[in-house]
Amino acid sequence: LFICGGAFGGLEQIIERRLGGRSLGFGADIKKRQKRTMSELLHKVEPQDLLKFGMIPEFIGRLPVVTALEELDEPSLTDILVRPRNALTKQYKKLFDIDGVQLKFTEGALKAVAQEAIRRKTGARGLRAILESVMLDVMYEIPSKKLAREVIISEDSVLHRKDPVILYAQEEKKDTAA
């Protein structure tokens with residue numbers, strides 16, 4: 001059983017050429033080109049497309065079922081950030097808990113991370129890199145800030161690389177009257 005997954009960059013162009021039915025010459029029937037999404041094109045993949053893509057026939061023969069998956073949208077990527085048991089946001093919250101600091105992500109921040117992954121065309125795999133770039137500095141600063149109690153990652157932290165909001169505990173006053 002072979003299961004292949006991932007991005008096959010350029011495969012959609014091969015499918016589009018096959019479906020386009022372009023013809024040249026004086027007697028050519030000129031048709032307006034249909035605009036199809038990548039997902040629509042990949043759902044029409046056939047073994048001959050994989051062959052033109054560069055896969056060898058022996059390998060294609062071992063893939064009896066070929067199917068395409070839908071691209072992840074913003075709500076799906078946001079869910080991936082927060083819902084699984086080992087979600088990325090939960091991992092970062094645990095790291096901050098070690099230092100006694102509560103980490104919070106605003107809804108805007110989560111949406112901004114998802115939108116950035118869509119913009120970069122990296123899907124769910126890109127979420128970690130985006131969060132890592134947002135979190136890197138504050139993760140190293142927090143252990144040295146003994147009074148820090150809460151860190152809030154906002155949309156501005158993601159989109160404009162603004163520093164996260166850090167809330168501090170009130171310093172306990174020592175009783176000097178003895």
Side-chain angles (χ1 to χ4, degrees), residues 1-22 31-55 59-60 62-97 101-139 150-165:
L1 174 65
F2 285 97
I3 298 175
C4 301
F8 294 89
L11 181 58
E12 70 279 0
Q13 294 164 352
I14 294 169
I15 299 165
E16 188 171 35
R17 276 194 299 264
R18 177 176 52 81
L19 294 175
R22 293 186 191 162
K31 296 178 184 173
K32 189 175 181 183
R33 224 173 131 181
Q34 283 184 325
K35 189 68 177 164
R36 297 181 180 109
T37 65
M38 184 186 317
S39 194
E40 289 172 331
L41 288 169
L42 291 176
H43 280 302
K44 297 180 187 288
V45 68
E46 292 185 1
Q48 67 194 38
D49 301 323
L50 298 173
L51 189 63
K52 284 184 182 174
F53 185 69
M55 292 185 180
F59 184 67
I60 296 169
R62 287 174 172 79
L63 299 173
V65 177
V66 178
T67 187
L69 303 175
E70 298 292 326
E71 292 181 57
L72 294 170
D73 58 2
E74 182 185 306
S76 300
L77 289 167
T78 304
D79 280 350
I80 291 168
L81 283 170
V82 297
R83 291 187 84 201
R85 189 172 44 86
N86 63 341
L88 289 172
T89 55
K90 291 176 184 177
Q91 292 176 30
Y92 282 108
K93 286 178 181 184
K94 281 282 190 209
L95 288 172
F96 278 69
D97 281 345
V101 177
Q102 187 178 18
L103 175 64
K104 291 184 179 177
F105 293 89
T106 66
E107 282 296 315
L110 296 172
K111 286 182 179 184
V113 171
Q115 289 168 354
E116 181 65 14
I118 290 169
R119 188 189 69 73
R120 292 182 184 183
K121 298 181 189 288
T122 56
R125 287 189 184 103
L127 294 173
R128 180 175 293 281
I130 295 164
L131 271 180
E132 191 70 29
S133 68
V134 171
M135 302 294 300
L136 191 62
D137 291 340
V138 75
M139 282 181 12
E150 190 174 342
V151 173
I152 302 169
I153 306 297
S154 68
E155 187 175 356
D156 281 339
S157 302
V158 178
L159 296 177
H160 308 295
R161 301 293 183 241
K162 302 255 178 174
D163 290 337
V165 175

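Just so it is clear, the values below take in all heavy atoms, side chains as well, and ignore hydrogens, waters and symmetry mates.
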Step by step, work out the side chain to side chain contact (heavy atoms under 4.5 Å, CB included) result for Leu72 and Ile80. CA-CA 10 Å; Leu72 294 170; Ile80 291 168; 3.9 Å; yes
Apply salt bridge (charged side-chain N to carboxylate O under 4.0 Å, His left out) to Glu132 and list each qualifying residue two or more places apart in sequence or on a separate chain.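 Expected list: none.
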Taking salt bridge (charged side-chain N to carboxylate O under 4.0 Å, His left out) as the test, write out the residues that go with Glu46, two or more places apart.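 For Glu46, the residues satisfying salt bridge (charged side-chain N to carboxylate O under 4.0 Å, His left out) (neighbours in sequence not counted) are Arg18.
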Side chains of Ser76 and Asp79 only: does a donor on one sit below 3.5 Å from an acceptor on the other?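 No, no side-chain donor-acceptor pair sits under 3.5 Å.
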Qualifying residues under side-chain contact (heavy atoms from CB on, under 4.5 Å), relative to Pro84, sequence neighbours excluded: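 Per chain and number, Pro84 pairs via side-chain contact (heavy atoms from CB on, under 4.5 Å) with Asn86, Ala87.
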Residues in side-chain contact (heavy atoms from CB on, under 4.5 Å) contact with Glu70, at least two apart in sequence or another chain: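 side-chain contact (heavy atoms from CB on, under 4.5 Å) list for Glu70, sorted by chain: Ser39, His43.
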Would you name the heavy atoms of Leu41 and Glu12 that are closest together and state the gap between them?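 For Leu41 and Glu12, the tightest heavy-atom pair comes out as CD1-O, 3.7 Å.
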Give me the atom names and distance for the closest heavy-atom approach of Glu116 to Ile130.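 In this case the closest contact between Glu116 and Ile130 is CG-CD1, 3.6 Å.
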Between [Y] and [X], is there a side-chain heavy-atom distance shorter than 4.5 Å?
| X | Y | value |
| --- | --- | --- |
| Asp156 | Arg161 | no |
| Glu71 | Thr37 | no |
| Leu50 | Phe8 | no |

What's the verdict on salt bridge (Lys or Arg N to Asp or Glu O under 4.0 Å) for Glu40 and Lys44, showing C-alpha distance, side-chain angles and the deciding distance? CA-CA 7 Å; Glu40 289 172 331; Lys44 297 180 187 288; over 6 Å; no
If we check side chain to side chain contact (heavy atoms under 4.5 Å, CB included) with Ser157, which of these qualifies: Thr106, Val134, Asp163?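 Single side chain to side chain contact (heavy atoms under 4.5 Å, CB included) partner of Ser157 among Thr106, Val134, Asp163: Val134.
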Does the pair Thr89 and Leu110 meet the rule for a side chain to side chain contact (heavy atoms under 4.5 Å, CB included), with working shown? CA-CA 9 Å; Thr89 55; Leu110 296 172; 3.8 Å; yes
Strictly by salt bridge (charged side-chain N to carboxylate O under 4.0 Å, His left out), give each pair with a member in residues 121-131 just once, sequence neighbours left out.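 Counting only pairs at least two positions apart or across chains, no salt bridge (charged side-chain N to carboxylate O under 4.0 Å, His left out) contact touches residues 121-131.
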For residues 85-97, which residue pairs qualify under salt bridge (charged side-chain N to carboxylate O under 4.0 Å, His left out), counting only residues two or more places apart or in two chains?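 Qualifying pairs: none.
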